[in-house]
Trainee: 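I'd like to ask some things about the structure below.
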Amino acid sequence: MPDWEELVGRRLGRMRLEPEERQEVVAEVAAHLEECHRELCAAGSPDPEGYTLAQVPDWKALGRRIQRSKEGVMNQAVRIVLCGLLTGAVAVLLALSVLSLVGAELYLTLEAARLSSTLPGWSGAAFHNLAGICVLWLYTAIRPRYGPGTKTAALAGFALWVIAALTLAHWSSMGVIPRNSFLLATAVGLPAWVVGAVAGAWFFEASERKPLQALKAA
Amino acid sequence: MGADPKVSSPIKRGSAQLAVLTVLAEAPRHGYDIAKRIRQQTGGVVSFDVASLYPLLYTMERRGWVKGTWEQAPSGRQRRYYRLTPAGRRRLQPLRREWRNFFRALNRLARLADA
């Protein structure tokens, strides 16, 4: 007879739950499988272990589903928005800091455009924050496939940069944006969005179970 | 839940909630017992496995419809027993009504098709 708790604990892998909560889940699922196995043995099943384990075709998916059930969809949505805002803020601050150092001319042009714009002062930040939320949403969408972490976050940031760069390239080819400004903005935008996405994703992962501790750690 | 994969998610989710809440309205039960009772009561037509049952139970617990507590089972082993909360009972009544209406409507359609 297999050690069901050991088996379930190993197969469920690392779920982001409190250790006691995870232990409870493992004990509960193990007890279920053990009882199922015992009944199959009593009924003379030719392969009780195989039939018992067939109940869980994908353990990683089960771990993710259990985690989602425990934390709730709303919590996830709130975290995407908050960490997306952080992503946008980091990206725009980084981009402006670098631009003020290496692209003073473009920086001054942007500043002048902002001052003469009829849009409210916060609108630029709002666009970047929305873009940050999109990056974080993309990160969570591709996370099940590529796994959580820096590489996946960088990929999400890179994807947003590609879309933005292609749009700017279109405007630049039409002469709306000077070629040099386009090249500088896209060059600065790449590290800014990648770093912003990594920062947002780090916070997203850290806040998965313990939002307050993540705030303190930051 | 061993249902037809072509059945849409909200229908599957709703029917799964109804099944679990209904058997818990009879008596507190642990996970395996819930799955077994549903299988028995539906003649095997509706069945839950580990992968479908526990995420549902945890979601229902988070919503406050059921409450799980560790207790000693007759076998002597510690098991997590789920019982219906007052919020769960309130949820069950309209759910039963909705499903009864739904199946009544489907029956009417089926009779129409047979005629």
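Naming: A, B, ... by sequence-line order, numbering from 1 per chain. Excluded from the calculations below are hydrogen atoms, water molecules and symmetry mates; all remaining heavy atoms, backbone and side chain alike, are included.
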Trainee: Would you kindly say whether B:Tyr58 and A:Glu21 are connected by a side-chain donor-acceptor distance under 3.5 Å?
Mentor: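 Side-chain D/A pair, B:Tyr58 to A:Glu21: absent.
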Trainee: Mind ranking B:Pro55, B:Gly68, B:Ala51 by heavy-atom pairs under 4.5 Å with chain A and telling me who comes out on top?
Mentor: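 Top count of heavy-atom pairs under 4.5 Å with chain A: B:Pro55.
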Trainee: Between B:Thr59, B:Asp33, B:Val50, who has the most heavy-atom pairs with chain A when the cutoff is under 4.5 Å?
Mentor: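 Going by pairs under 4.5 Å, I would pick B:Val50.
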Trainee: Taking atom CH2 of A:Trp171 as the centre, does the number of heavy atoms from other residues, nucleotides or ligands within less than 6.0 Å exceed 12?
Mentor: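 12 or below, so no.
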Trainee: Quick check on A:Ala27 against chain B: is it the side chain, the backbone, both or neither that has a heavy atom closer than 4.5 Å?
Mentor: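 Looking at A:Ala27, backbone and side chain both touch chain B.
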Trainee: Tell me whether A:Trp137 at atom CH2 has more than 12 heavy atoms from other residues, nucleotides or ligands lying less than 6.0 Å away.
Mentor: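 It does not: A:Trp137 CH2 has 12 such atoms or fewer within range.
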Trainee: If I compare all heavy atoms of A:Arg79 with all of A:Phe204, which pair ends up nearest, and what's the gap?
Mentor: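 A:Arg79 and A:Phe204 have their closest heavy atoms at NH2-O, 3.0 Å.
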Trainee: With chain A, which of B:Lys36, B:Gln78, B:Met60 has the greatest number of heavy-atom pairs at distances under 4.5 Å?
Mentor: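 That would be B:Lys36.
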Trainee: Starting from the C-alpha separation in whole Å, work towards a yes-or-no answer on salt bridge (charged side-chain N to carboxylate O under 4.0 Å, His left out) for B:Arg83 and B:Glu71.
Mentor: CA-CA 12 Å; B:Arg83 26 177 66 77; B:Glu71 289 169 29; 2.8 Å; yes
Trainee: Under a 4.5 Å heavy-atom cut-off, does chain A meet the side chain of B:Arg80, its backbone, both or neither?
Mentor: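 For B:Arg80, backbone and side chain are both near chain A.
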Trainee: Measure from the side-chain N and O atoms of A:Tyr51 to the backbone N and O of A:His37, and report whether any donor-acceptor pair falls under 3.5 Å.
Mentor: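 Checked: no pair found.
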Trainee: Of the backbone (N, CA, C, O) and the side chain (C-beta and beyond), which part of A:Glu39 lies under 4.5 Å from a heavy atom of chain B, both, or neither?
Mentor: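 The answer is the side chain of A:Glu39.
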Trainee: Top residue by heavy-atom pair count (under 4.5 Å) with chain B, among A:Val56, A:Leu62, A:Asp58?
Mentor: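 Top count of heavy-atom pairs under 4.5 Å with chain B: A:Leu62.
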